Number of protein chains: 2
Amino acid sequence: MDPTKTNERSKTPKEAIRQAATELFAASGYAATGVRAIAAQAGVDPALVIRHFGSKEALFLETMRLEGPFLQIVTGPLDGMGERIVRYVLESGSESMGPIFVHLLRASDSEVVRAHVRNAVEDLYVEPVSRRLEGDEASLRARLVAAQIAGLITTLWVVPDPELTAANPGRLARIYGAAIQNIIDGR
Amino acid sequence: MDPTKTNERSKTPKEAIRQAATELFAASGYAATGVRAIAAQAGVDPALVIRHFGSKEALFLETMRLEGPFLQIVTGPLDGMGERIVRYVLESGSESMGPIFVHLLRASDSEVVRAHVRNAVEDLYVEPVSRRLEGDEASLRARLVAAQIAGLITTLWVVPDPELTAANPGRLARIYGAAIQNIIDGR
DNA sequence: GTCTATACGTCGATAGAC
DNA sequence: GTCTATCGACGTATAGAC
């Protein structure tokens, strides 16, 4: 009569909370996910959630760790890198990295969340790209590439544009990739 | 005849609420601004805020109307339009349009807010740019231009990158403008 | 040391008296 | 129409049971 999941008896309560939070935040975002709902799904008391993670926001950030094989993209040849970046972003939409970015940006009303995003962008995108770029103002141009990626993610998934999400990925990669390549090559 | 109310110094209560909300939302964003704080600044009862505008969210959206002379930028010549767009965005940061976009994106955890942003982007950016673009896939390319603009706004002000905000505006306009121009020109 | 029960303060929103 | 009183839900804190 109750098809919801049973208690994960093989795990410690803290891990059960972390897993429940990961699922619920990923499914419904930050605001729509309550501490009591997380506790219910984990099969624990709501107070335990705060006791183990300090606050709802801290738990949110812990489940929203940005990591991905983006570095591999950047270690490839400079030629065609723009298009490869776009393809990677398009694929990451259904993967782990895309949705995480989406929920983080949507919850960026908090300064703590913004700092989290800032650090992740710096480590994941700006730093590796900056290393690879040649010519003047490599750091500046790397940040503008990151801005282009952020814009694509925003328009595709944060505030989705239906016509863009339905567009042919190959055309997107070709057109937007060329624009990114323009900054990679540096005029 | 209906002479003015007892409150000669202020406008009608509804307008006082609207003005107070506009100031507070612009200064502190959506989450950090409470209904009671708005009512206090407007000098009215908190219940009036909801009664006049339905909800905090509806009042927020009413104060966050996106409008600007962006259309003038797009009516100019196609040549150099990319750079002009970037300059306009950079200037709008201290103006009315920039902060509004920032607070809307930061509050985009709500589907109602997302719809608001989607409509504004469509009317303000995509539609005018799409009209001006030549060649195939004008609509798609216009949306990718909008994506680049969104990325610039995001990286400059939604989740500010200190090194970008401190960068020379002329260099930003030249580099990022060229990338936008790449899509405007269409390969 | 973990976990539970309970409660506190605040939030957006509502009902009903003047 | 405007205020008083209050609602239910939220995130969070704490005392104390196992």
Side-chain angles (χ1 to χ4, degrees), chain A residues 6-22 24-25 27-64 103-104 106-113 116, chain B residues 1-22 24-25 27-64 103 106-113 116:
Chain A
T6 59
N7 290 358
E8 311 274 343
R9 301 196 183 279
S10 58
K11 293 182 177 180
T12 168
K14 182 164 183 177
E15 281 312 309
I17 293 171
R18 193 199 310 276
Q19 179 177 334
T22 302
L24 290 178
F25 280 137
S28 312
Y30 180 73
T33 302
V35 170
R36 286 165 176 81
I38 295 172
Q41 168 138 348
V44 303
D45 190 272
L48 258 194
V49 176
I50 301 299
R51 192 147 186 76
H52 277 310
F53 294 93
S55 71
K56 173 187 172 183
E57 192 173 54
L59 174 57
F60 175 67
L61 291 182
E62 198 152 323
T63 70
M64 292 284 149
H103 289 124
L104 281 173
R106 285 181 179 173
S108 61
D109 219 350
S110 151
E111 170 57 39
V112 184
V113 173
H116 183 89
Chain B
M1 172 181 172
D2 187 8
T4 53
K5 299 286 185 175
T6 54
N7 282 346
E8 297 287 344
R9 305 188 312 166
S10 60
K11 317 168 183 178
T12 167
K14 183 165 183 176
E15 281 310 310
I17 293 171
R18 193 199 310 274
Q19 179 176 334
T22 302
L24 290 179
F25 280 137
S28 312
Y30 179 74
T33 302
V35 170
R36 287 164 175 82
I38 296 173
Q41 169 139 346
V44 302
D45 189 90
L48 264 190
V49 176
I50 302 298
R51 191 151 189 80
H52 278 309
F53 294 93
S55 70
K56 173 187 170 182
E57 192 174 55
L59 174 57
F60 175 67
L61 291 183
E62 198 152 324
T63 70
M64 292 283 150
H103 288 125
R106 286 181 178 172
S108 61
D109 220 349
S110 151
E111 170 57 40
V112 185
V113 172
H116 183 89

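Only heavy atoms go into these numbers, but all of them, side chains included; no hydrogens, no water, no symmetry mates. Given the structure is predicted, the values throughout are model-derived calculations rather than measurements. Protein chains get the first letters and strands the later ones, always in sequence-line order, with residue 1 at the start of each.
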**Asked** Quick one, which residues of residues 32-40 of chain B touch DNA chain D with a heavy atom under 4.0 Å?
**Response**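 By residue number: none to list.
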**Prompt:** When you measure from every atom of DNA chain D, which of residues 53-62 of chain B have a heavy atom less than 4.0 Å away?
**Reply:**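 Hits under 4.0 Å, by residue number: none.
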**Request:** Apply side chain to side chain contact (heavy atoms under 4.5 Å, CB included) to Y30(A) and L104(A), showing your working.
**Result:** CA-CA 8 Å; Y30(A) 180 73; L104(A) 281 173; over 6 Å; no
**chain A contact limits on DNA chain C, taken 5' to 3' with a cut-off of 4.0 angstrom to heavy atoms** =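 Here the contact window of chain A covers dC3(C) to dA5(C).
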**Message:** Expected output is a numbered-order residue list: members of residues 44-52 of chain B with a heavy atom under 4.0 Å from any atom of DNA chain C. What is it?
**Reply:**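 Output list: A47(B), I50(B).
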For [X] and [Y], which heavy atoms make the closest approach, and how far apart are they?
{"X": "H103(B)", "Y": "F25(B)", "answer": "CE1-O, 3.5 Å"}
{"X": "S108(B)", "Y": "V113(B)", "answer": "CA-CG1, 4.0 Å"}
{"X": "A58(A)", "Y": "F53(A)", "answer": "CB-O, 3.2 Å"}

**Message:** Rounding to an integer number of Å, can you tell me how far L24(A) CG sits from dC10(D) C1'?
**Reply:**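 My rounded result for the distance is 16 Å.
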**Item:** Counterpart residues, side chain to side chain donor-acceptor pair (under 3.5 Å), relative to E57(B) (two or more places apart)
**Value:**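 By the side chain to side chain donor-acceptor pair (under 3.5 Å) rule, E57(B) matches S110(B).
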**Request:** With sequence neighbours excluded, give me every salt bridge (charged side-chain N to carboxylate O under 4.0 Å, His left out) pair touching residues 12-21 of chain B.
**Result:**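 Every pair satisfying salt bridge (charged side-chain N to carboxylate O under 4.0 Å, His left out) with a residue in residues 12-21 of chain B: E15(B)-R18(B), R18(B)-E62(B).
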**Message:** Under the salt bridge (charged side-chain N to carboxylate O under 4.0 Å, His left out) definition, can you give me all pairs with a residue in residues 45-56 of chain B, not counting sequence neighbours?
**Reply:**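 As it turns out, there is no salt bridge (charged side-chain N to carboxylate O under 4.0 Å, His left out) pair with a partner in residues 45-56 of chain B once direct neighbours are skipped.
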**Prompt:** Looking at CD1 of I17(A) and OG1 of T63(A), how far apart are the two atoms once the value is rounded to the nearest 0.5 Å?
**Reply:**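 That separation rounds to 12.5 Å.
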**Message:** Using modelled atom types and a 3.5 Å cut-off, is there a donor and acceptor pairing between side-chain atoms of H52(A) and backbone atoms of P13(A)?
**Reply:**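 Side chain of H52(A) to backbone of P13(A): no pair is present.
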Residues 32-44 of chain B, side-chain donor-acceptor partners within the protein, below 3.5 Å, at least two apart:
| unit_1 | atom_1 | unit_2 | atom_2 | d |
| --- | --- | --- | --- | --- |
| T33(B) | OG1 | L24(B) | O | 3.3 |
| T33(B) | OG1 | G29(B) | O | 2.7 |
| Q41(B) | NE2 | E23(B) | OE1 | 2.6 |

